[in-house]
There are 2 protein chains.
Amino acid sequence: MRDVFTALSSPVRREILALLRERALTAGEIADRIPLAKPTLSGHFNVLKQAGLVSADRQGSTITYRINTSVVEDALAALLRLTRRETE
Amino acid sequence: MRDVFTALSSPVRREILALLRERALTAGEIADRIPLAKPTLSGHFNVLKQAGLVSADRQGSTITYRINTSVVEDALAALLRLTRRETE
DNA sequence: CAGCTATTTTGCTGATTAGCAAAATAACGA
DNA sequence: TCGTTATTTTGCTAATCAGCAAAATAGCTG
């Protein structure tokens with residue numbers, strides 16, 4: 001499982017997550033909204049998937065991605081611990 | 001100002017922040033706790049400083065680093081927005 | 001100023017990353 | 001099976017990054 005923070009460090013990947021926050025989208029719909037080649041985006045999808053930040057499911061020839069909110073919340077909790085002085 | 005998430009993506013830098021959460025430390029004290037060469041750590045301090053995550057001040061020949069909690073909280077708020085559907 | 005301590009900057013190498021075009025894979029319908 | 005659409009994988013290049021040793025800088029003390 002790739003590090004969640006590494007996955008979040010890319011502006012492109014945060015943009016993908018921001019789009020998915022509104023609703024689940026297919027790879028093609030995401031490609032319509034972000035001006036990068038599809039193979040490039042596909043690589044980003046892989047990073048997000050490995051980090052557990054999104055899940056993918058195929059319907060026929062299209063693949064729909066959705067954000068995995070609980071993993072974002074875990075990252076959030078880790079950051080929150082950096083602001084508090086008590087034991088983790 | 002370097003991206004906060006890029007700065008947070010390194011485990012070494014998150015470890016530095018975790019140490020600084022307890023109390024402000026000099027560069028040497030951090031080097032005593034993390035098994036990396038001082039020049040390597042100095043590079044990490046620079047990244048954290050550029051991201052605004054820590055501030056440094058020199059007392060004589062020693063430099064003390066302290067965590068800038070408010071910037072960590074800004075990153076936290078950005079992550080929080082990824083989990084909520086309403087407008088930012 | 002000379003020597004000492006704390007820390008950074010420089011310069012290098014090897015590893016990782018982001019981007020793309022081209023090729024491959026998967027599913028569908030005629 | 002052939003062609004079309006959706007998407008990924010492969011293979012490449014240029015750029016960035018992490019680590020270190022050596023050199024440079026900053027401040028202190030005698």
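Bear in mind that the values here come from a model prediction, so they are computed numbers and not experimental data. A note on names: the letters A, B, ... follow the listed sequences, proteins ahead of strands, and every chain is numbered from 1.
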Q: I need the B:I30 CD1 to B:S42 OG distance, nearest 0.5 Å.
A: 10.5 Å
Q: When rounded to the nearest 0.5 angstrom, what distance separates CZ in B:R14 from CG in A:L79?
A: 9.0 Å
Q: Which string of ( ) [ ] | and . matches DNA chain C, if you list each base 5' to 3' and count Watson-Crick or G-U pairs only when both distances are under 3.5 Å?
A: ||||||||||||||||||||||||||||||
Q: Separation of B:L48 atom CG from C:dT8 atom C1', in whole Å?
A: 15 Å
Q: Could you state the atom-to-atom distance from CG of B:L8 to P of D:dC17 in whole Å?
A: 15 Å
Q: Tell me which donor-acceptor pairs under 3.5 Å the side chains of residues 60-67 of chain B have, and how far apart each pair is, sequence neighbours excluded?
A:
residue: B:T62; atom: OG1; partner: B:Q59; partner atom: O; Å: 3.3
residue: B:T64; atom: OG1; partner: B:Q59; partner atom: OE1; Å: 2.9
residue: B:R66; atom: NH1; partner: B:D57; partner atom: OD1; Å: 3.0

Q: When you compare the side chain of A:D74 with that of A:V4, does any pair of heavy atoms fall below 4.5 Å?
A: no
Q: Rounding to an integer number of Å, can you tell me how far B:R58 CZ sits from C:dA6 P?
A: 12 Å
Q: Which residues in residues 59-67 of chain A have at least one heavy atom lying under 4.0 Å from any atom of DNA chain C?
A: A:G60, A:S61
Q: Do any N or O atoms of the protein come closer than 3.5 Å to N or O atoms of nucleotides 20-23 of chain D, and which pairs are they?
A:
residue: D:dC20; atom: OP2; partner: B:A37; partner atom: N; Å: 2.8
residue: D:dC20; atom: OP2; partner: B:T40; partner atom: OG1; Å: 2.9

Q: Any idea which heavy atoms bring A:R13 and A:A7 closest together, and the distance?
A: NE-O, 2.8 Å
Q: Could you go step by step and tell me if A:L20 and A:I16 meet the side chain to side chain contact (heavy atoms under 4.5 Å, CB included) rule?
A: CA-CA 6 Å; A:L20 294 180; A:I16 293 170; 4.1 Å; yes
Q: Considering only heavy atoms, which members of residues 24-32 of chain A lie under 4.0 Å from some atom of DNA chain D?
A: A:T26, A:A27, A:G28
Q: Can you tell me how far apart CD1 (B:I34) and NE2 (B:H44) are? Round to the nearest 0.5 Å.
A: 8.5 Å
Q: Rounded to the nearest angstrom, tell me the gap between atom CD in B:Q50 and atom P in D:dT16.
A: 13 Å
Q: Rounded off to whole Å, could you give me the CZ-to-C1' distance for the A:F45 and D:dA6 pair?
A: 12 Å
Q: Per the side chain to side chain donor-acceptor pair (under 3.5 Å) rule, what does the pair list look like for residues 31-40 of chain A, sequence neighbours excluded?
A: none
Q: Report the distance from atom CG of B:N46 to atom C1' of D:dG19, rounded to the nearest whole Å.
A: 15 Å
Q: Can you tell me how far the OG1 atom of B:T6 sits from the CD atom of B:Q50, to the nearest 0.5 Å?
A: 10.5 Å
Q: Atom CG of A:L48 and atom OG of A:S55: how far apart are they, to the nearest 0.5 Å?
A: 11.0 Å
Q: Would you check if the side chain of A:N68 reaches a backbone N or O of A:G52 as a donor-acceptor pair within less than 3.5 Å?
A: yes
Q: Once you round it to whole Å, what is the distance between P of C:dT7 and CD1 of B:I34?
A: 14 Å
Q: B:H44 NE2 to D:dC17 P: how many Å, rounded?
A: 12 Å
Q: Spell out, as yes or no, whether a donor-acceptor pair under 3.5 Å connects the side chain of B:E22 to the backbone of B:L19.
A: no
Q: Could you tell me the separation between the CG atom of B:L8 and the CG atom of B:L53, rounded to the nearest 0.5 Å?
A: 5.0 Å
